[in-house]
Amino acid sequence: MPRRGRWSGGGGRWLVWTGRVILWALIVVILVNGIRAPFERFTGGNTSTGAAPVPADAGFPTTKATSFASQFAAVYLNFDAVRTAERAGRLAPFLPDGAEPQFGWDGLGRMSAGAIQPYGIEIVDAENAVVTLAFQSDDRRQLLSVPVFHDKETGRFVVSGRPGILPAPVPAVLPPVAEPDRDEAAEQELRTPMANFFKAYAASDTASLQQYAAEGTVLQGFGGSFAFLELKDLLVPLTTGATREVTATVVWGVPAGAGPSAGPTPSDPGGVSGRLEQAYVLTVVKQGDKWFVQSIRGAGRSVG
């Protein structure tokens, strides 16, 4: 009887120990599954299942479709009542069988458009998309949406529905930026060297231009296509050091015909040389008592 009691007590302890092991095993399984489940949901899209991933463009050839729609728009947006047959002939390669030759135009009036550029594309599926193009007509900037179908077997495109002209977004509001403190002494010191530099930059006399270049810098100018008229403004921020970044506002002379005209204004304003104001940022380096140009590029945002 005593042995049976001791055996019974040992068996109880064994059962308790076994129960604890099973309980901890269940807790570990629950914890592992609880952590793994959201991770698998998060990474499920990247887990290989044997099927090829679906590309963002659904396999639609966006570049070719945009090129096709741009060519179509160049014909569609330009029409004149005296040249209806010509327009119909130029539209035909873009239209489906049985489409109206003028594709919605009644043959009256006229319209002209240019500066046609890609603006966006909406992929519907692997065969259909809507291409949006920006264009300029008179003083208006507008958009044209063109539905396009792509035949995957032949690789061909066709305009699949009526296009739609939409107003382009208005320009963004540009918030003002404060002008930096100016180093007036450096501006005065640099004004004459910069004016001489831009004069040489317009003429592009290599030997003359290189005398303003910093060591190791090779500069290339306009080669006479513009004439230097004026250094309108020179902004040098109030900093220290031998290397400065300066902003120059330059007025170029725009040639008329064979060259600038100094005579009286003719009836055609285009026959008179004009003025074109532009801005540049130059990195200049002071070596000894002289300033040299290390680089020149177009200026960024205006200030003031």
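Position 1 is the first residue of the sequence, and the numbers go up from there. Heavy atoms only: backbone and side chains are in, while hydrogens, waters and symmetry mates are out.
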Look only at the side chain of T247 and the backbone of V281, and say whether a donor-acceptor pair between them is shorter than 3.5 Å.
-> no

State plainly whether the residues R244 and E189 are in salt-bridge range, i.e. N to O under 4.0 Å.
-> no

Supply the atom-to-atom distance F135 CZ to S112 OG, rounded to the nearest 0.5 angstrom.
-> 10.5 Å

Under a 4.5 Å side-chain heavy-atom rule over Ile, Leu, Val, Met, Phe, Trp and Tyr, are F228 and Y280 clustered together?
-> yes

Using the rule that two of Ile, Leu, Val, Met, Phe, Trp, Tyr join whenever any of their side-chain heavy atoms come within less than 4.5 Å, decide whether L229 and I296 are in one cluster.
-> no

Aromatic ring proximity F94/Y76, centre distance under 6.0 Å = no

Do the two ring centres, one from W291 and one from F197, sit under 6.0 Å apart?
-> no

More than 12 heavy atoms of other residues, nucleotides or ligands under 6.0 Å from CD of Q287: is that the case?
-> yes

Same cluster (ILVMFWY, side-chain, under 4.5 Å), I121 and L143 = no

Would a distance-only check, ignoring hydrogens and angles, find a side-chain to backbone donor-acceptor pair under 3.5 Å from R90 to A74?
-> no

Qualifying residues under side-chain contact (heavy atoms from CB on, under 4.5 Å), relative to T84, sequence neighbours excluded | Q102, W105

Common cluster, I165/V148, ILVMFWY with side-chain heavy-atom separation under 4.5 Å = yes

Flag yes if more than 12 heavy atoms outside D106 fall under 6.0 Å of its CG atom; otherwise flag no.
-> yes

N/O donor to acceptor pairs below 3.5 angstrom from side-chain atoms of residues 152-160, sequence neighbours left out:
residue: T154; atom: OG1; partner: R156; partner atom: N; Å: 3.3
residue: S160; atom: OG; partner: P147; partner atom: O; Å: 3.4

Test item: R140 side-chain N/O and A168 main-chain N/O as donor-acceptor pair under 3.5 Å | no

Mind listing the side-chain donor-acceptor pairs of residues 207-215 below 3.5 Å, one per line with the distance, residues two or more places apart or on another chain?
residue: Q210; atom: OE1; partner: L219; partner atom: N; Å: 2.8
residue: Q210; atom: NE2; partner: T217; partner atom: O; Å: 3.1
residue: Q211; atom: NE2; partner: S208; partner atom: O; Å: 3.2

Answer whether the closest heavy-atom distance between the side chains of P96 and F149 falls below 4.5 Å.
-> no

Greater than 12 external heavy atoms within 6.0 Å of K199's NZ = no

Look at atom CZ of R83 and say whether more than 12 heavy atoms of other residues, nucleotides or ligands are closer to it than 6.0 Å.
-> no

